[in-house]
Amino acid sequence: MQQVNVKFNSVDQIRQFVNIIGKFESNFDLGSGQRIVDAKSILGVMALDLTGPVRLRCHSDDMEIAEKIAPFLC
């Protein structure tokens with residue numbers, strides 16, 4: 001399992017992020033405070049407090065994932 005912080009500056013970035021991770025079979029969770037959502041769900045991601053970084057947990061050790069989400073890492 002990998003855990004990193006990600007930050008979104010626009011709705012378009014959220015859409016791009018969800019499209020990228022949707023191509024992987026791994027499970028992804030995004031958390032902000034007490035709320036944790038499926039990171040592959042655009043509605044779930046939009047329900048989080050995105051004013052600051054959010055915690056992404058990936059249940060895979062695939063290094064390609066880190067390369068693909070690099071623009072969103074903070």
Using a 3.5 Å cut-off and no angle test, enumerate the donor-acceptor pairs between side-chain atoms of residues 26-34 and protein atoms at least two apart in sequence or in another chain.
from	atom 1	to	atom 2	distance (Å)
Ser26	OG	Ser60	OG	3.4
Asp29	OD2	His59	NE2	3.1
Ser32	OG	Asp49	O	3.4

Query - Contacts of type salt bridge (Lys or Arg N to Asp or Glu O under 4.0 Å), residue Asp61, not counting sequence neighbours - result: none

Report task. Report the residues that fulfil side-chain hydrogen bond (donor to acceptor under 3.5 Å, both in side chains) with Arg57, sequence neighbours left out, ordered by chain and then residue number. Result -> Gln3

Query raised in the report: Would the number of heavy atoms belonging to other residues, nucleotides or ligands and lying under 6.0 Å from CZ of Arg55 be above 12?
Result: yes

Query - Over all atoms of both residues, closest heavy-atom pair of Leu56 and Ala39 - result: CD1-CB, 4.1 Å

Requested in this report: With sequence neighbours left out, write down each residue that passes side-chain contact (heavy atoms from CB on, under 4.5 Å) with Glu67, or none if nothing qualifies.
Outcome: none

**Report entry** Spacing of Ile14 atom CD1 and Asn19 atom CG [to the nearest 0.5 Å]
**Finding:** 12.0 Å

Query raised in the report: Between Val4 and Leu48, is there a shared hydrophobic cluster once you connect ILVMFWY residues whose side-chain heavy atoms come closer than 4.5 Å?
Result: yes

Report task. Given side chain to side chain contact (heavy atoms under 4.5 Å, CB included), test Leu73 with Asn5 step by step and report yes or no. Result -> CA-CA 6 Å; Leu73 297 177; Asn5 288 329; over 6 Å; no

Query raised in the report: Excluding sequence neighbours, so at least two apart, what forms side-chain contact (heavy atoms from CB on, under 4.5 Å) with Ile20?
Result: Phe24, Lys68, Ile69, Phe72

Report task. Grab the two heavy atoms, one from Ile65 and one from Cys58, that are nearest each other, plus how far apart they are. Result -> CD1-SG, 3.6 Å

Query raised in the report: Which pairs, with at least one residue in residues 3-23 and sequence neighbours excluded, count as a salt bridge (Lys or Arg N to Asp or Glu O under 4.0 Å)?
Result: Asp12-Arg15

